[in-house]
Amino acid sequence: MKTKVFLGALAGIGLAGIGLAGAASAATLDDVKSRGELNCGTNTGLAGFAAPDANGVWQGFDVAFCRAVAAAVLGDPMKVKFVPTTGQTRFTALASGEIDVLARVTTWTFSRDVDLKFTFTGTNYYDGQGFLIRKDMGVTSAKELGGARVCIQTGTTTELNLADYFKTNNMTYEAKPIETQAEGQQAYLAGNCDVYTTDASGLAAMRGTFPDPENHIILPEIISKEPLALLVRQGDDQWADIVRWTQNALVAAEEYGVTSANIDELSKVAGDNPEINRLLGTEGNLGAMFGLDNQWAYRAIKAEGNYGEIFEKHLGESTPIGLARGLNAQWTQGGLQYSPPFR
């Protein structure tokens with residue numbers, strides 16, 4: 001069955017005035033099953049989040065969430081077609097039905113949720129906008145960047161955040177628009193801009209690929225809230241629930257100590273923890289509530305592990321990206337990651 005998508009005027013793909021109005025009929029699950037493949041919109045290439053490896057296989061934090069959804073729905077985490085999108089093209093790709101879910105470091109905002117008719121299924125990474133500069137600039141604060149040339153990706157929340165920050169601090173800047181991360185990195189390294197600004201995690205990811213990362217610093221100021229989330233079209237609550245609760249399953253698994261190493265043993269027979277039993281399908285019948293079997297969460301977690309395992313594998317302090325958990329730690333560890341109950 002083909003997903004029905006109704007589009008309003010496509011008036012420019014900037015943050016303001018996009019004019020996209022998309023609504024999906026309750027058919028995405030049927031489409032994915034019929035196709036035998038999940039179409040996942042993601043980045044054109046951002047180390048740690050989404051990029052093909054040397055063998056052309058997509059890897060990364062956002063990639064892992066799409067693989068978890070594919071495992072839950074199709075039984076195989078590799079049944080995913082990754083569709084690279086830019087800040088300009090990502091919303092059109094989702095609204096038009098080209099992709100089933102967008103997993104591309106996308107900030108959850110009022111206008112994207114309400115005006116563009118998308119449903120955000122939960123924050124998978126809490127972030128904020130920062131600034132990357134060369135250490136030899138001798139700058140130690142973003143408030144010293146007056147007059148700087150700033151590389152900034154078009155079609156993103158960073159454009160407005162940057163304008164607001166510089167206006168508030170009575171500074172001027174010269175915007176150097178770029179469309180993709182790769183283009184921005186090339187421009188920055190070539191000296192075409194003094195500063196690169198995006199989400200702090202993206203800055204860390206980019207710096208981690210430099211031949212001399214020690215010569216580049218991320219300034220201490222975080223100038224915005226950037227709750228990064230997966231999103232789907234409005235109008236298909238069943239599909240939104242599947243994507244939302246797949247993410248919740250990964251978060252809950254970490255909280256309850258369910259890992260890629262012990263999940264097979266825990267899923268053989270109901271144990272002492274009813275929440276784990278319901279999560280893994282050894283008790284109850286949660287899967288039937290949205291059209292899946294009771295092992296959907298088992299398969300999602302098995303794909304690349306729980307939330308913590310995914311974070312540490314792709315972004316953690318032992319990787320070139322080198323990110324601490326921070327706000328993305330479990331709520332029991334002072335962070336904001338928290339799953340509603342499985343009951």
Side-chain angles (χ1 to χ4, degrees), residues 28-29 31-33 35-43 46 48-51 53 57-83 94 99-106 119-125 228-232 236 238-264 266-267 276 278-281 286-287 289-316 328 330 337-340 342:
T28 310
L29 177 60
D31 286 350
V32 173
K33 285 183 173 180
R35 192 189 308 128
E37 187 175 59
L38 174 73
N39 292 335
C40 174
T42 193
N43 213 288
L46 178 60
F49 283 91
D53 62 16
V57 179
W58 283 83
Q59 305 286 352
F61 182 78
D62 285 336
V63 166
F65 283 87
C66 281
R67 293 210 189 281
V69 173
V73 173
L74 299 172
D76 186 345
M78 300 307 291
K79 289 185 176 180
V80 185
K81 176 184 178 182
F82 290 99
V83 180
L94 180 58
I99 57 177
D100 306 306
V101 59
L102 180 62
R104 188 200 175 279
V105 291
T106 297
T119 294
F120 288 79
T121 59
T123 302
N124 71 341
Y125 192 96
L228 307 180
L230 277 65
L231 57 155
V232 298
D236 191 342
Q238 179 191 36
W239 183 244
D241 283 341
I242 288 171
V243 176
R244 177 182 300 111
W245 284 95
T246 296
Q247 178 175 322
N248 287 339
L250 303 180
V251 174
E254 181 183 16
E255 178 180 351
Y256 293 116
V258 179
T259 70
S260 56
N262 66 18
I263 191 171
D264 284 333
L266 291 172
S267 64
I276 294 176
R278 290 188 292 268
L279 177 67
L280 299 183
L286 297 184
M289 295 181 185
F290 53 20
L292 302 180
D293 63 23
N294 280 341
Q295 281 69 53
W296 65 274
Y298 160 81
R299 293 191 298 270
I301 300 162
K302 180 76 173 176
E304 285 203 34
N306 63 38
Y307 180 92
E309 290 178 286
I310 291 169
F311 190 102
E312 292 307 320
K313 176 182 178 181
H314 298 293
L315 304 175
N328 296 291
Q330 286 278 333
Q337 288 298 339
Y338 181 111
S339 171
F342 280 78

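We use all heavy atoms of the structure for the numbers below, so side chains are in, but hydrogens, waters and symmetry mates are not. Positions are given from 1, in the same order as the sequence printed here.
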S.K.: Could you grab the distance from atom CH2 of Trp245 to atom CH2 of Trp296, nearest 0.5 Å is fine?
M.R.: 8.0 Å
S.K.: Looking only at atom types and distance, does a side-chain atom of Arg104 sit under 3.5 Å from a main-chain N or O of Thr106, one as donor and one as acceptor?
M.R.: no
S.K.: Could you go through Val73 and Ile242, starting from their C-alpha distance and side-chain angles, then the distance that decides it, and tell me whether this counts as side chain to side chain contact (heavy atoms under 4.5 Å, CB included)?
M.R.: CA-CA 8 Å; Val73 173; Ile242 288 171; 3.8 Å; yes
S.K.: Which heavy atom of Val101 sits nearest to which heavy atom of Val232, and what is that distance?
M.R.: CG2-CG1, 4.0 Å
S.K.: Working to the nearest 0.5 Å, report the span between CZ of Arg67 and CD of Glu304.
M.R.: 6.5 Å
S.K.: Of all residues at least two apart in sequence or in a different chain, which pass the side-chain contact (heavy atoms from CB on, under 4.5 Å) check with Thr259?
M.R.: Ala261, Asn262, Asn306, Glu309
S.K.: Taking Val105's backbone N and O only, do any of them form a donor-acceptor pair with Asp62's side chain (distance below 3.5 Å, no angle check)?
M.R.: yes
S.K.: Between Phe65 and Gln247, what is the shortest heavy-atom contact and its length?
M.R.: CE2-CG, 3.8 Å
S.K.: How long is the span from the CG atom in Leu230 to the OG1 atom in Thr119, to the nearest 0.5 Å?
M.R.: 12.5 Å
S.K.: If you look at every heavy atom in Leu74 and Leu38, which pair is closest and at what distance?
M.R.: CD1-N, 3.9 Å
S.K.: Would you say that Leu250 contacts Ile310 through its side chain, given a criterion of any heavy-atom pair below 4.5 Å between the two side chains?
M.R.: yes
S.K.: Distance check, rounded to the nearest 0.5 Å: Thr28 atom OG1 versus Arg35 atom CZ?
M.R.: 8.5 Å
S.K.: Do the side chain of Asp241 and the main chain of Arg244 share a donor and acceptor less than 3.5 angstrom apart?
M.R.: no
S.K.: Go through Val63 and His314 one step at a time and tell me if the side chain to side chain contact (heavy atoms under 4.5 Å, CB included) criterion holds.
M.R.: CA-CA 10 Å; Val63 166; His314 298 293; over 6 Å; no
S.K.: Do Gln337 side-chain atoms and Asn328 backbone N/O form a donor-acceptor pair below 3.5 Å?
M.R.: no
S.K.: Just how far is it from atom CD of Glu312 to atom OH of Tyr307, taken to the nearest 0.5 Å?
M.R.: 10.0 Å
S.K.: Tell me whether Arg278 contacts the main-chain N or O of Phe342 through its side chain, where contact means a donor paired with an acceptor under 3.5 Å.
M.R.: yes
S.K.: Could you tell me the separation between the OG atom of Ser267 and the CD1 atom of Ile276, rounded to the nearest 0.5 Å?
M.R.: 11.5 Å
S.K.: Could you pull out the closest heavy-atom pair between Ala103 and Cys66, with the gap in Å?
M.R.: CB-SG, 3.7 Å
S.K.: Quick one: does any side-chain atom of Asn39 pair with a main-chain N or O of Asp100 as donor and acceptor, under 3.5 Å?
M.R.: no
S.K.: For Leu315 and Tyr125, what are the C-alpha separation, side-chain angles and deciding distance, and is it a side chain to side chain contact (heavy atoms under 4.5 Å, CB included)?
M.R.: CA-CA 11 Å; Leu315 304 175; Tyr125 192 96; 3.8 Å; yes
S.K.: Out of the candidates Asp53, Thr42, Asn43, only one should pair with Trp58 under the side chain to side chain contact (heavy atoms under 4.5 Å, CB included) rule; please name it.
M.R.: Thr42
S.K.: Could you go through Ile301 and Leu280, starting from their C-alpha distance and side-chain angles, then the distance that decides it, and tell me whether this counts as side chain to side chain contact (heavy atoms under 4.5 Å, CB included)?
M.R.: CA-CA 9 Å; Ile301 300 162; Leu280 299 183; 4.2 Å; yes
S.K.: Return the minimal non-hydrogen interatomic distance between Asn124 and Phe61, and the atom names on each side.
M.R.: O-CZ, 3.3 Å
S.K.: Could you check whether any side-chain heavy atom of Val32 comes within less than 4.5 Å of a side-chain heavy atom of Lys79, counting everything from C-beta outward?
M.R.: no
S.K.: Compare every heavy atom of Phe120 with every heavy atom of Ala229, then report the nearest pair and how far apart it is.
M.R.: CB-CD2, 3.8 Å
